[in-house]
Amino acid sequence: MKVKLLSRNPDDYLRETKHDIHKVQRNYDPALHPFEVAREYTRALNAVKLERVFAKPFLYSLDGHRDGIQCMIKHTTSLSVMLSGSDDGEVRMWNLATQKCLHSVQAHDGMVRGLCMPGSGDRLISVGNDKIIKHWSLEEPALTEPIDAIITKTVLQGISHHRKKSMYATCGDRVDIWEETRSEPLRSLSWGVDTIKSVKFNPIEVNVLGSTCSDRSIILYDVREAEPLRRVKMSLCTNTISWNPMEAFVFVAASEDYNLYSFDMRKLNVPIQIHKDHTDAVLDVDYSPTGREFVSGSYDKTVRIFTLNSGRSRDVYHTKRMQRLTSVLWSYDNKYILTGSNEMNIRMWKAKASEKLGALAYRQRMALNHAEKLKEKFARHPQIQRISRHRHVPKHVYNAAKEHRTILESQKRKEANRRAHSKQGAVPYVSERVKNIVQEDE
């Protein structure tokens, strides 16, 4: 007699983790699931609603400074350490994990204008209103006495360190290139400008640096050359720039006209993208380590996060107590944002407002990934788009944005009327990206 048996391994039909839930056999034939799209849309709608419910980006604030924060830098070798300088000349070293100040020193008489650090992370260089460049040791005991001090002839506005060499650049009435072991600059670079407001080395093309000037121009330099490379003049002043850490030629400029401009340094006559949403001057900007997003801080008391190719911000952060933003940083692990404002506080935020911090179980991680894919699939649906885009902003920002829209519509209507009632070609159409570029020089 023949007996046929069906043999099944229980491990193939139980949950992998706890072996307590039986797997359900599914036939994925679309003909058997006529309501699949409707079901996925409902799940996407619930996912985007839950994202807004759990959007709590603010983590904590670091108190201790007795005056407004002027500048901040990330430690080059430690994720949990950052340094800040204030308007009263104090420099503090913070541990972000314990939320405590590790060291503090009265570094300068007057405002601390800039801080920089070599790639080794063992030293700090600061400049202030007292016209002195000071070198500090960060090895224990850190920030006790300066190991070197260089007196300059003019007030320095900013400083930036070369990524690989023991070289740094300062700016004031000109850009000076310094060697760490020398007390005189190696060379000075200028292009007929009264004051240079900020200077930043390129992290990839390490010999290239960019600066912003009081005559509304952005100037690019090469430390191997005796003269500046290129210059572009804007309609309003640019406060600072930030280089993309993944694309060597791309940088973003924070302007006084409430906008940010992404440029390709090979073609400065037209920006890649104009990033709008701020309602006051943009004072600082910093790229994420992935190069896909950047964060900006503005005089309108808000922090905004932009994607590289989008003209509008994907998120806005604010608190009732936070005042004018002076400095912003994006952490090297791509998870946190640091902001410094002139009411003496340094704040830490999540880079993604609804992200769950800490270790996640396998099933939880898979559920979150599935929700992300559903949101991407239905991102253009009007209802989901409305919910994901909606943000509460302070009343003064809401009213200012409304006023700016009215002004812009009025200007466009006036230009259209002039074009319609003028001779053909007398009022040419000028692209929005070109309007704010005054001239480009080489």
Please check this pair: side chain of [X] against backbone of [Y], looking for a donor-acceptor N/O pair closer than 3.5 Å.
{"X": "Lys350", "Y": "Glu355", "result": "yes"}
{"X": "Gln70", "Y": "Gly89", "result": "no"}
{"X": "Arg304", "Y": "Arg312", "result": "no"}
{"X": "Gln106", "Y": "His108", "result": "yes"}
{"X": "Asp300", "Y": "Thr279", "result": "yes"}
{"X": "Arg92", "Y": "Gly64", "result": "yes"}
{"X": "Asn342", "Y": "Gln323", "result": "no"}

Next on the checklist: Walk me through whether Glu343 and Ser341 qualify under side chain to side chain donor-acceptor pair (under 3.5 Å).
Outcome noted: CA-CA 6 Å; Glu343 94 294 348; Ser341 49; 2.4 Å; yes
Quick check: closest heavy atoms across [X] and [Y], and the distance to 0.1 Å?
{"X": "Ser255", "Y": "Cys237", "value": "OG-O, 3.5 Å"}
{"X": "Thr339", "Y": "Met72", "value": "C-CE, 3.8 Å"}
{"X": "Pro271", "Y": "Ile274", "value": "CG-CG1, 4.3 Å"}
{"X": "Pro228", "Y": "Trp191", "value": "CB-CE3, 3.6 Å"}

Checklist entry - Can you list the steps and then say if Trp243 with Leu209 is a side chain to side chain contact (heavy atoms under 4.5 Å, CB included)? => result CA-CA 9 Å; Trp243 293 96; Leu209 67 153; 5.6 Å; no
Acceptor/donor pairs from residues 373-387 side chains to any protein atom, 3.5 angstrom cut, sequence neighbours excluded:
from	atom 1	to	atom 2	distance (Å)
Lys375	NZ	Glu372	OE2	3.0
Lys377	NZ	Glu40	OE1	2.6
His381	ND1	Gln383	N	3.3

Pairwise distance [atom1]([X]) to [atom2]([Y]) - rounded to 0.5 angstrom:
{"X": "Tyr258", "Y": "Leu236", "atom1": "OH", "atom2": "CG", "result": "8.5 Å"}
{"X": "Ile241", "Y": "Asp284", "atom1": "CD1", "atom2": "CG", "result": "11.5 Å"}
{"X": "Leu189", "Y": "Leu229", "atom1": "CG", "atom2": "CG", "result": "9.0 Å"}
{"X": "Leu96", "Y": "Lys100", "atom1": "CG", "atom2": "NZ", "result": "14.0 Å"}

Next on the checklist: Checking Ser262 against His275 for the side chain to side chain donor-acceptor pair (under 3.5 Å) test, could you report, in this order, the C-alpha distance in whole Å, the side-chain angles of both residues, the deciding distance, and whether it holds?
Outcome noted: CA-CA 8 Å; Ser262 290; His275 309 276; 2.7 Å; yes
Is [X] salt-bridged to [Y], cutoff N-O under 4.0 Å?
{"X": "Glu256", "Y": "Arg216", "value": "no"}
{"X": "Arg231", "Y": "Asp215", "value": "yes"}
{"X": "Lys335", "Y": "Asp333", "value": "no"}
{"X": "Glu415", "Y": "Arg419", "value": "yes"}

Checklist entry - After noting the C-alpha distance and the side-chain angles of Phe251 and Lys200, does the key distance pass the side chain to side chain contact (heavy atoms under 4.5 Å, CB included) rule? => result CA-CA 10 Å; Phe251 66 90; Lys200 292 283 179 69; over 6 Å; no
Taking distance alone, no hydrogens or angles, what donor-acceptor pairs closer than 3.5 Å link side-chain atoms of residues 109-120 to residues at least two apart or in another chain?
from	atom 1	to	atom 2	distance (Å)
Arg113	NE	Asn129	OD1	2.8
Arg113	NH1	Gln157	OE1	3.4
Ser120	OG	Asp122	OD1	2.6

Next on the checklist: Is it the case that atom CD in Glu184 sees more than 12 heavy atoms from other parts of the structure closer than 6.0 Å?
Outcome noted: no
Item to check | Stacked cation flag Lys74 on Tyr332, 6.0 angstrom / 45 deg | outcome: yes
